[in-house]
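Start at 1 and go down the list; that is how both ligands and their atoms are numbered.
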Amino acid sequence: MSETLFEQIIAREIPADIVYETDTTLAFRDINPRASTHVLVVPKTRYRNVAELAEADAGLLADVLNTAAKVAELEGVADKGYRVVFNTGEDAGQTVFHVHAHVLGGGPLGPEARG
Ligand code: 5GP
């Protein structure tokens with residue numbers, strides 16, 4: 001079995017509502033959405049957080065951000081605006097230690113749309 005929840009989703013060991021995929025990234029809907037669009041983007045290689053990813057593989061971080069932008073387009077929120085959030089560490093509320101970008105949009109975003 002894979003180690004973290006998101007590795008299990010990447011390996012198709014548990015189901016997720018996948019909205020977009022590339023060779024290096026996967027995008028799927030958050031199970032507990034805090035905005036009408038709330039999609040998580042993960043690299044298929046695991047790093048614990050965005051700082052580790054940035055230091056180890058800037059190209060893969062760019063892939064994550066490009067996938068986030070593509071998801072915003074597919075969801076129809078790219079023009080009006082959206083939020084990309086990387087919760088990093090306990091105080092930020094990070095609960096899954098496989099780096100992921102929250103893509104939030106679909107109407108004016110309040111503080112609840114924090115990812
Ligand atoms: P974090 O709090 O680490 O920034 O974000 C983790 C996110 O994963 C949360 O927004 C949470 O709702 C989401 N999540 C937790 N378990 C699952 C799951 O089994 N499937 C999906 N699609 N999302 C999940």
For ligand 1, is any non-hydrogen atom under 4.0 Å from [X]'s backbone (N, CA, C, O), its side chain (CB onward), both, or neither?
| X | result |
| --- | --- |
| L5 | side chain |
| I31 | both |
| L40 | side chain |
| F6 | side chain |

* Asked: Do you know the tightest heavy-atom contact between A101 and V64?
  ->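 Here A101 and V64 meet closest at CB-CG1, 4.1 Å.
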* Closest approach of E3 to R46 (non-hydrogen atoms, all atoms of both residues) ->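 That closest heavy-atom pairing would be OE2-NH1, 3.0 Å.
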* To which of V96, D30, V39 does the heavy atom nearest atom 12 (O) of ligand 1 belong? ->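 Heavy atom nearest to atom 12 (O) of ligand 1 belongs to D30.
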* Selection from R114, Q94, H102 by shortest heavy-atom distance to atom 4 (O) of ligand 1 -> H102
* To do: Kindly indicate whether the side chain of T37, heavy atoms from C-beta on, has any atom under 4.5 Å from the side chain of L104.
  =>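 No. Closest side-chain heavy atoms not under 4.5 Å.
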* Tell me, do I10 and H98 make a side-chain contact under 4.5 Å, heavy atoms counted? ->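 Touching, per the 4.5 Å side-chain cut-off.
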* salt bridge (charged side-chain N to carboxylate O under 4.0 Å, His left out) partners of residues 26-44, not counting sequence neighbours, each pair once ->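 Found D17-R29, E21-K44, R29-E75, D30-R34.
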* Within residues 77-97 or reaching into it, pairs that qualify as salt bridge (charged side-chain N to carboxylate O under 4.0 Å, His left out) - sequence neighbours excluded ->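 Non-adjacent pairs meeting salt bridge (charged side-chain N to carboxylate O under 4.0 Å, His left out): zero.
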Go through ligand 1 atom by atom and flag the ones less than 4.0 Å from a non-hydrogen atom of [X].
| X | value |
| --- | --- |
| F28 | 22 (N) |
| G93 | 1 (P), 2 (O) |
| N87 | 4 (O) |
| N32 | 12 (O) |
| H100 | 1 (P), 3 (O), 4 (O), 5 (O), 6 (C) |

* Please test H100 against F6 for ring-ring contact (aromatic ring centres under 6.0 Å, His included), starting from the C-alpha separation and ending with a verdict. => CA-CA 9 Å; H100 50 282; F6 292 169; 5.1 Å; yes
* Do D63 and T25 have side-chain N/O donor and acceptor atoms under 3.5 Å apart? ->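 Not at all, the side chains of D63 and T25 share no donor-acceptor pair under 3.5 Å.
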* atom 22 (N) of ligand 1 [closest protein heavy-atom partner, distance rounded to 0.1 Å] ->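 Of the protein heavy atoms, R29 O, 2.9 Å lies nearest.
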* **Nearest non-hydrogen protein atom, atom 3 (O) of ligand 1** => T95 N, 2.7 Å
* So which of L40, V41, V84, V39 actually passes side chain to side chain contact (heavy atoms under 4.5 Å, CB included) with H102? -> L40
